Number of protein chains: 2
Amino acid sequence: MTVTEELVDRLVAFRSHVGRSSTAERVADVLRGQLIEGTLAPGARLSEEAIGSALGVSRNTLRESFRLLGHERLLVHEFNRGVFVAKPTADDVVDLYRARRPQELAALRAAEHAPDEAIARVGEALARGERAYGDGDWWGIGTENMRFHEAIAALAGSPRVDEFVRRLLAELRLVFHVMSVPREFHAPYLGRNREIYELLRAGRVEAAADHLAAYLDDAEHQLVEAFTTLDGR
Amino acid sequence: MTVTEELVDRLVAFRSHVGRSSTAERVADVLRGQLIEGTLAPGARLSEEAIGSALGVSRNTLRESFRLLGHERLLVHEFNRGVFVAKPTADDVVDLYRARRPQELAALRAAEHAPDEAIARVGEALARGERAYGDGDWWGIGTENMRFHEAIAALAGSPRVDEFVRRLLAELRLVFHVMSVPREFHAPYLGRNREIYELLRAGRVEAAADHLAAYLDDAEHQLVEAFTTLDGR
DNA sequence: ACCCGAGGATTGTTCAACAATCCTCAGATT
DNA sequence: AATCTGAGGATTGTTGAACAATCCTCGGGT
């Protein structure tokens, strides 16, 4: 392999960063950030006029962005009524866990064939989470916890699974906002993440999967519990 | 529960059929049909001008449709170049099976909690497939085989999983076209579908899952095989 | 308290226009 | 002959305005 061929190979990885020139996608990125950050409250209506002029894009372009986020279930589009920030219910929580559980568990069980690099990324997310804990950065803990599970799903080495799980976790963030989950919610799971990671690194993937299964059951239960007690909606 | 309340409950199920008033979605439906039917060859470029005027919709509306189908990976959108019918590779086949396997297997294993209605739907798809076989309707066999697996995934009772799997299977149809799979491809799997269904009905979900796992492995293998031998690309 | 309808606001869709980019292909260069 | 180059045309990206369709609000009437 020549030098230029090597360069070309390396450049291919950046293609996605270069190609994203579409305004609609950039707008979607901005809005997605505001959504998972919680700046836009669940249930709120997004006016085409207001947001379009605020971001300096035309209504047509903005509508393309809305479609993108609608397909990620972050926005719901009601015909002739407008788009609203999704407002997940307890049923959605159950569904989200039902959808992610098989993928994450399967990815973990297949981790023997995963490249070391992928396993390392799990550890990195965990480390960042623990650092955030040390700093008392509660929001950071949540973010890195999300990354941790993204990294676990990525062990399967499937772009489609990656995207699916990423979407589910983004939606889960909306759940945290709609029920204003306590800031310390994620902290207890940090220790369990470490256990799972250690088992994974030791090659004991079955034990790791069992741990994760219990983890997911507990988290789902806790969320549904909080939903049905604190909130009638 | 009063009579009208019962009626209302029944009507809710039709909401999705009523609300789809958007032209963009109707256009997407038409195009999706043509795509999985094979009328639009993989790799072909879809001109906004040509298709827009052919369907009598404006470019803006058509672009919304393109976005929808792009997110289903049936079309690929290349910036400033246009949209093309997706052209799956052998890697995509591997990925598609990697993504659907955990969901279908998990759904089958959890089938004990599935309502009888959902199990019945699996049987109906199977029956329709067998009828198509009797009629020598090869395309119908493929369609019903797809429905069969959709129904299996639906045993999980998760809308998100349903949508995910439906999307994967639609993409798989594109694979069949890009490699012009022989018309008898699906027939041998019909018998295995019945075995799986019988085990499912007998409540032997673990055995059914094992069967399905072998089924998926074989199908994936056969497709990848055909890809690497018949076709260089 | 409830029904009703007019008016205004918002969305759905189209059209036309222009900038930005890509593709083609003839001509020049080596 | 093969490759480079650039002009021109075609296509996409995005905008702005316009109008129809629909929804929401808010009085007035019963």
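Letters go in sequence order (proteins before strands), and every chain restarts at 1. Computed from a prediction, not measured in an experiment: that's the story for all the values here.
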Less than 3.5 Å apart, which donor and acceptor atoms pair up between the side chains of residues 71-79 of chain A and the rest of the protein, not counting sequence neighbours?
| unit_1 | atom_1 | unit_2 | atom_2 | d |
| --- | --- | --- | --- | --- |
| Glu72(A) | OE1 | Arg32(A) | NE | 2.9 |
| Glu72(A) | OE2 | Arg32(A) | NH2 | 2.9 |
| Arg73(A) | NH2 | Glu163(B) | OE1 | 2.8 |
| Glu78(A) | OE1 | Arg81(A) | NH1 | 2.6 |

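- Trp139(A) pairs by the ring-ring contact (aromatic ring centres under 6.0 Å, His included) definition with His177(A), not counting sequence neighbours.
- The pair Arg166(B)-Glu171(B) does not meet the salt-bridge criterion, since no charged nitrogen lies less than 4.0 angstrom from a carboxylate oxygen.
- Listed by chain and number, the residues in a side chain to side chain contact (heavy atoms under 4.5 Å, CB included) with Arg98(B) are Ser158(A), Val94(B) (sequence neighbours excluded).
- The interatomic distance linking Glu25(B) (CD) with dG12(C) (P) rounds to 10 Å, in whole Å.
- Take Phe185(B) and apply the ring-ring contact (aromatic ring centres under 6.0 Å, His included) test, not counting sequence neighbours, and it matches Phe176(B), Tyr189(B).
- Atom CZ in Phe84(B) sits roughly 12 Å away from atom P in dT11(D) (whole-Å rounding).
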Sub-3.5 Å pairs of nitrogen or oxygen atoms, protein against nucleotides 4-6 of chain C:
none

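- Listed by residue number, the members of residues 43-53 of chain A with any heavy atom below 4.0 angstrom from DNA chain D form an empty set.
- Residue pairs meeting the salt bridge (charged side-chain N to carboxylate O under 4.0 Å, His left out) criterion with at least one member in residues 140-149 of chain B, sequence neighbours excluded: Arg128(B)-Glu144(B), Glu144(B)-Arg147(B).
- For the pair Arg81(A) and dT10(C), the criterion of a side-chain N or O lying under 4.0 Å from OP1 or OP2 is not met.
- Applying the side chain to side chain contact (heavy atoms under 4.5 Å, CB included) rule to Arg101(A) yields the partners Tyr97(A), Leu105(A), Leu216(A), Asp217(A), Glu220(A); only residues at least two apart in sequence or on another chain are considered.
- Residues satisfying the ring-ring contact (aromatic ring centres under 6.0 Å, His included) test with Phe148(B), not counting sequence neighbours, are none.
- For the pair Arg67(B) and Leu68(A), the minimum side-chain heavy-atom distance is below 4.5 Å.
- Every residue two or more places apart in sequence or in another chain that forms a side chain to side chain contact (heavy atoms under 4.5 Å, CB included) with Ala90(B) is listed here: Phe227(B).
- One N or O on the side chain of Ser53(B) and one on the backbone of Glu49(B) form a donor-acceptor pair closer than 3.5 Å.
- Side-chain atoms of Asp95(A) come within 3.5 Å of backbone atoms of Arg160(B) as a donor-acceptor pair (strictly under, hydrogens ignored).
- Within 6.0 Å of CG in Asp116(A) there are 12 or fewer heavy atoms belonging to other residues, nucleotides or ligands.
- Of the residues in residues 55-72 of chain A, those with a non-hydrogen atom less than 4.0 angstrom from any atom of DNA chain D are Gly56(A), Val57(A), Ser58(A), Arg59(A), Asn60(A), Thr61(A).
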Produce the list of close N/O pairs, under 3.5 Å, pairing protein atoms with atoms of nucleotides 20-22 of chain D; give distances to one decimal.
| unit_1 | atom_1 | unit_2 | atom_2 | d |
| --- | --- | --- | --- | --- |
| dT22(D) | O3' | Asn80(A) | ND2 | 3.4 |

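- Here His77(A) reaches the OP1 or OP2 of dG12(C): one of its side-chain N or O atoms lies under 4.0 Å away.
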